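Worksheet: one structure, shown below.
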Amino acid sequence: MDIPIHDVLLVGGGAAGLRAAIAAAEADSGLNVAVVSKVYPMRSHTVSAEGGAAAVMREYDNLDLHSFDTIRGSDYLADQDVVEAFVKEAQDESIQLEHWGCPWSRDEDGRVSVRAFGGMSVKRTLYAADKTGFHMLHALFQTSLKYNAVTRYDEWFVTSLLVDDGRVCGVTALNMRSGGIHAIGAKTVIICTGGGGKIFPFTTNAAIKNGDGMALAYRIGCPLKDMEFVQYHPTGLPGTGILMTEASRGEGGYLVNNKGERYLSEYIPGKMELGPRDILSRAFMYEMREGRVFDGPYGNYVHLDLRHLGEKVIDEKLPFVRELARNYVGIDPVQEPIPVRPVVHYMMGGVHTDINGATPVPGLYAAGEAACVSLNGANRLGSNSLTECLVFGARAGAVAAEYANSREAPGPDTLENLTRDERRRIEQTYLQPRNGRERVADIRTEMQAAMERGAGIFRDEETMKETCETLKNLQERFRNVGLDDTSSVFNTELTAALELGFMLDAAEALAHAALDRKESRGSHSRSDFEDRDDEEYLKHSLTYRTEAGPRTEYLPVTITRWQPEERKY
C-alpha cells in the first residue's frame, strides 16, 4: 500500500497556496510539504489579477489610515485585530516579494510606484503595469522551486477531506491523467482554492473558481463565514465578464452614461470613479432603472473612457487593458470608450478561520479568497486581496507547520479505508453506466440563473426564498445526474460534475445566509431592509451544513479602536 504522507498539504497552487507552502518549508526544513492543484500552478486564477497590491509605502501614508480605509470599506464588519495585523505585515510581505523577483513598476526616482484604488484615502497600491497577479505568481512559483521539501501534485483534483477521530488527516484526489482516486495523507491541510464566482452566470472568475475548498470544509462540519457578501466589480466586459481592472480608474479613467455624463457625481461625489466597488455597482443599477445606460447585444452597459489619458500612459500603465479591449470587443481604448457593466468578482465569505488561518476543525487551515479571516467584512477594497494572500498565506503556513510538528502521521490503513468509501461514491454516482436523466450543464445553468435573480446586486425576501427553494430542488436533481463520458483519462465531464456538486453546496450556504441577514450592509443590499442594523447584525454569519439544509448562527465582530459609524465618502 503506497500512500504518500506529508506534514503539510496545500490544496490550491495560487498566491495563497504557494506563499503558505514557502512559509511551511521555511518554518522547519525537515518538514515534508506538498501542493495539490487541479491546474498547473501558473494557471491558477491569481495570474488574472491586474490592478495591484495594497501596502503602506509612502511618507504621506500610515498604518492607521490603511486600517481605517479597510474597516470603513468593509462597512464595519471586518475584524479590526485582523485588519491591524494585515496592514502591518503587508509592508514586509511586499518587500519580500520584490526580493523574490516580483518586478514592481517604479517611479523615476527609483521608488516602487503606487497608484490610486477605490476606497483608499491615498495612493498605496503597488503594481506591475496591469499584470500584477501574473508577476506575483511567477515570483512565488519560482521561489517555491528552490525548496526540495515541496512536492507538487499538478492536475490532481481534490474530491474530499479525510477525517479520523475528528481531525483532518489528508485528502482524496482524482489523478486527472490516470483517472484514479487516491489518498494523500497529511498531518495538516491548508485550503487555498480561491473563491466561487462561477456560481453566478456573469463573472470575472475563471472556470476553475467553483468554491471547491469552501464546500470541502463545509461537508466535514466546518462553518462558512459571511457567505452572503459577494462583490460585483463595476467594470467587466459585457458578454464575457472579462475584467477591465480598477487600475483603469486609478489612472484617471471616467465612467460615463448615455447622456455623456460622469454619473457618479450623483452618487459618490467625494470619490467619483474611486469609490468602493459595491457603491459603484449599485450606481450602475440606478442609472439603468432611469434609462441612462447603453443597450447592446449582451445587455446594458456604460462607457469606461480612457481616451483623455493618452496613448503613452495607456501603453505604459494599462497595456493589458488595451490588449483585452482590442481582442475581445474590437475597441482601441486610445480611440474609443470601452463598454462595461457590473460583474461578480469576489467572495468576501469563505471557510471560517481565526487570525492565523486555523479553522474549528483540528488539522484544517485556510487562506486567501477561500477563507474568511475576516479582513474584508461586507465589502473588500480593491488591491487588498493580493496582499491578503501573502500575509495570511504566510501565517497559515507557519502555524500549520508548528501544528504538524506536534502530531503523529496518519496510518496508511486508516487512509485507505477512508478513501475506499470516496472511491466507491464517485464510481457509483458518476462512472457506472446508468440511466441518469439530468445533465450537468442544465443544472449549472439553472443554478446560476437562480443566484443572479435572488442573490444579485439587489435582494429581497421573496426572490431569495425562491432561490433557496430552487437550489434545494437542484440538489435533488443532481443526485440523478448522468455522464456521457465514463472514460478515465482527463474526463472533463466528471470534473465538471464534481465541481457542480461543490457549487451547489456553496450556493445554498450563500443564499440562506443572505436570506437570514435582514439588513443592508456593504455588498449585501436588500430592497426590503434598506438600512444597516448594527444593533441586530453587527456580527458575522456562520453557516453550517445539516440534513435539513443550511443553518445560520452568528459571531461577534472584533472591534478594537474604530467604532462603527455611518459609511461616508
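Bear in mind that the values here come from a model prediction, so they are computed numbers and not experimental data.
Between R424 and E427, none of the side-chain N atoms (NZ, or NE/NH1/NH2) sits under 4.0 Å from a carboxylate O, so this pair counts as no salt bridge. Salt bridge R532/E519: absent, no basic N to carboxylate O contact under 4.0 Å. Electrostatic pairing of E50 and K131 does not count as a salt bridge here, judged by no charged N lying under 4.0 Å from a carboxylate O. Between E536 and K518 there is no salt bridge, since no side-chain N of the basic residue sits under 4.0 Å from a carboxylate O of the acidic one. Of the charged side-chain nitrogens involved, at least one lies within less than 4.0 Å of a carboxylate oxygen, so that D534 and R521 count as a salt-bridged pair. Between D164 and R167, no side-chain nitrogen of the basic residue sits less than 4.0 Å from a carboxylate oxygen of the acidic one, so the salt-bridge criterion is not met. Electrostatic pairing of D421 and R423 does not count as a salt bridge here, judged by no charged N lying under 4.0 Å from a carboxylate O. A salt bridge links R19 and E93; the closest N-O separation between the charged side-chain nitrogens and carboxylate oxygens is under 4.0 Å.
You'll find the ring centres of Y127 and F117 outside the 6.0 Å limit.
The side chain to side chain contact (heavy atoms under 4.5 Å, CB included) test applied to E26 returns I22, W100, Y147, not counting sequence neighbours. Listed by chain and residue number, H6, W156 satisfy the ring pair (Phe, Tyr, Trp, His ring centres under 6.0 Å) test with Y153 (two or more places apart in sequence, or in another chain).
Looking only at distances, a side-chain donor or acceptor of N62 sits under 3.5 Å from a matching main-chain atom of L65. Between the side chain of R517 and the backbone N or O of Y537 there is at least one donor-acceptor pair closer than 3.5 Å. No donor-acceptor distance shorter than 3.5 angstrom exists from the side chain of K187 to the backbone of V8, with no hydrogens or angles considered. The backbone N or O of T546 sits nowhere less than 3.5 Å from a side-chain atom of R551 that would complete a donor-acceptor pair.
Relative ring orientation between F478 and Y430 is described as tilted, the plane-to-plane angle lying within the 30° to 60° band.
Taking the ring centre of Y554 as origin, the terminal cationic atom of K539 falls inside the region bounded by 6.0 Å and 45° from the ring axis.
By the 4.5 Å heavy-atom criterion applied to side chains, D505 and R545 are counted as neighbours.
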Verify salt bridge (Lys or Arg N to Asp or Glu O under 4.0 Å) between R277 and E246, making sure each step is shown before the conclusion.
CA-CA 9 Å; R277 293 170 178 174; E246 192 161 313; 2.4 Å; yes

